[in-house]
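Report on one structure; see the data block that follows.
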Amino acid sequence: MADKQPPSPTKPKPKPSAAAAQPAPAPATARTTPPLKKPPPLAPPTQARPLKPPPAHQYRQQQQPANRKRQYGRHRGGGGGCSGRRVCCLATGFVLLALCLALAAACLAYLYYHPRPPSFHLQPLAATRFRVGNSSAVSAMDVTAAVRVVSWNPNDRVSFEYGDGEGRVALADADGDVALGWAPVAGFRHAPRSVATVAFVAAAKGVVVDEAVAARVRDRYRRRQLAFKVVVDTHVGARSGAVRTGMVPVRLLCDGGAMAPRGGVSGSVVGPMSKCQVYLFRVRCYFFCITPMN
């Protein structure tokens, strides 16, 4: 009997590979959508810690450069306006200071010199020629009158200088003044505490008046009751030592001038003198100029 061979050892069965374990892919004709993947859950937001404000000194240090830049920009942009206002304020201050000094100087000068205006009086007029035509058609007058105005300067340190001017004479009447002519007046200097005279002769020829006025004038002339008005326009300036003012216009208005008695001469004071009014810049002057001229 044949010898029995020993049984061969059993070989271990090979393990199926992963590829073999996977199912066979589906045919290409049949497509399947892959399953959607869920997004991972979001992590909860982290809470930010509140920031602490910096200390006060650090805040000031941080804000200081910005403030400086802002101020620098403001000064740089508005420098012209600020300088203009400064110049305007300085100019206004200088003007006010000059006005105060001038006012103080004027007050001191007034207290020292104590200026007063001169006074003027009109002496009675002498009609050297007076004729009224006696005609039925028209009445005409020929008049020559000598005028003399006396002035008194009451100041101790102030003198007055009068320029050349002109004087006019009119005959006062209820129906209106009758102009009797004019004459030039020479200028003169009026020294302190002295008397000066303004004299001129006015002549008129062929002054036509109506019969009623001519009749009244004849009657008043016979009774020596004619009334005259005298106006003198000139310029005057004040002077005290080396100080001198400019010349300003002045007007003398003498109302109620009387007629000198028969045989009298203008220049010899016969009868009352009428006071004249002084108008400086066409403003009536007493101690000060307060009443405007009409």
Side-chain angles (χ1 to χ4, degrees), residues 115-130 143-155 158-173 177-204 207 220-221 224-239 245 247-291 293-294:
R116 287 171 291 175
S119 61
F120 297 88
H121 292 81
L122 177 64
Q123 292 184 356
L125 278 72
T128 56
R129 182 184 180 186
F130 192 92
V143 182
T144 301
V147 181
R148 187 180 182 90
V149 180
V150 181
S151 175
W152 162 249
N153 183 7
N155 298 281
V158 180
S159 62
F160 296 97
E161 295 182 357
Y162 296 90
D164 296 338
E166 66 175 19
R168 297 186 298 274
V169 182
L171 185 63
D173 188 75
D177 299 339
V178 180
L180 300 181
W182 68 277
V185 177
F188 62 96
R189 181 177 180 272
H190 199 175
R193 307 293 298 182
S194 63
V195 177
T197 57
V198 179
F200 62 93
V201 177
V207 179
R220 291 173 184 172
Y221 180 74
R224 314 299 290 182
Q225 293 180 354
L226 290 176
F228 297 92
K229 289 185 178 180
V230 177
V231 178
V232 179
D233 290 325
T234 183
H235 291 76
V236 63
R239 184 172 185 176
T245 64
M247 305 289 284
V248 296
V250 65
R251 169 174 289 184
L252 305 180
L253 180 58
C254 307
D255 290 331
M259 186 177 181
R262 192 178 301 275
V265 180
S266 180
S268 61
V269 180
V270 179
M273 295 189 299
S274 59
K275 187 175 181 179
C276 301
Q277 299 171 357
V278 181
Y279 293 87
L280 192 66
F281 291 109
R282 292 187 175 273
V283 176
R284 185 176 177 180
C285 295
Y286 295 103
F287 186 75
F288 292 101
C289 299
I290 54 175
T291 306
M293 179 181 176
N294 294 329

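- Minimum heavy-atom separation, V232 to F200: CG2-CE2, 4.0 Å.
- Here S274 pairs with L122 under the side chain to side chain contact (heavy atoms under 4.5 Å, CB included) rule; sequence neighbours left out.
- For the residue pair V169 and A202, the shortest heavy atom distance occurs at CG2-CB, 3.7 Å.
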* L252/V278 under side chain to side chain contact (heavy atoms under 4.5 Å, CB included): CA gap, chis, key distance, verdict -> CA-CA 5 Å; L252 305 180; V278 181; 3.9 Å; yes
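- Atom CG of D233 sits about 11.5 Å away from atom CH2 of W182, to the nearest 0.5 Å.
- For A145 against L125, the heavy-atom pair with the smallest separation is CB-CD2, 4.3 Å.
- Residues V185 and E166 come closest through the heavy atom pair CG2-C, 3.8 Å.
- Considering only residues two or more places apart in sequence or on other chains, A227 meets the side chain to side chain contact (heavy atoms under 4.5 Å, CB included) condition with A172.
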* Kindly indicate, with the supporting measurements, whether the criterion side chain to side chain contact (heavy atoms under 4.5 Å, CB included) is fulfilled by V143 and V207. => CA-CA 9 Å; V143 182; V207 179; over 6 Å; no
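- In this structure a side-chain-to-backbone donor-acceptor pair under 3.5 Å is missing from S151 to F120.
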* Might you work through the side chain to side chain contact (heavy atoms under 4.5 Å, CB included) test for W152 and H121, ending with a clear yes or no? => CA-CA 9 Å; W152 162 249; H121 292 81; over 6 Å; no
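- Between F160 and H190, the ring planes are tilted. Angles from 30° to 60° get that label.
- One distance of note links CG of L180 with CZ of R168; it measures 12.5 Å at 0.5 Å rounding.
- Residues that satisfy the salt bridge (charged side-chain N to carboxylate O under 4.0 Å, His left out) test with R189, not counting sequence neighbours, are absent from this structure.
- When all heavy atoms are compared, the tightest approach of N155 to P192 is O-CB, 3.3 Å.
- For the pair F228 and A258, the tightest heavy-atom approach, listed with the atom from each and the gap, is CD1-O, 4.1 Å.
- Here K275 contributes atom NZ and M273 contributes atom CE; the two are 11.5 Å apart, rounded to the nearest 0.5 Å.
- Residues T197 and F188 have side chains not in contact (no heavy-atom distance under 4.5 Å, counting atoms from C-beta outward).
- Considering only residues two or more places apart in sequence or on other chains, D164 meets the salt bridge (charged side-chain N to carboxylate O under 4.0 Å, His left out) condition with none of them.
- When the salt bridge (charged side-chain N to carboxylate O under 4.0 Å, His left out) test is applied to E161, the partners found at least two apart in sequence or on another chain are R239, R244.
- With rounding to the nearest 0.5 Å, the separation of OG1 in T144 from CZ in F130 is 11.0 Å.
- Among residues two or more places apart in sequence or in another chain, the side chain to side chain contact (heavy atoms under 4.5 Å, CB included) test is passed with D173 by D175, V213, R216, R220.
- A donor-acceptor distance shorter than 3.5 angstrom exists from the side chain of N153 to the backbone of A191, with no hydrogens or angles considered.
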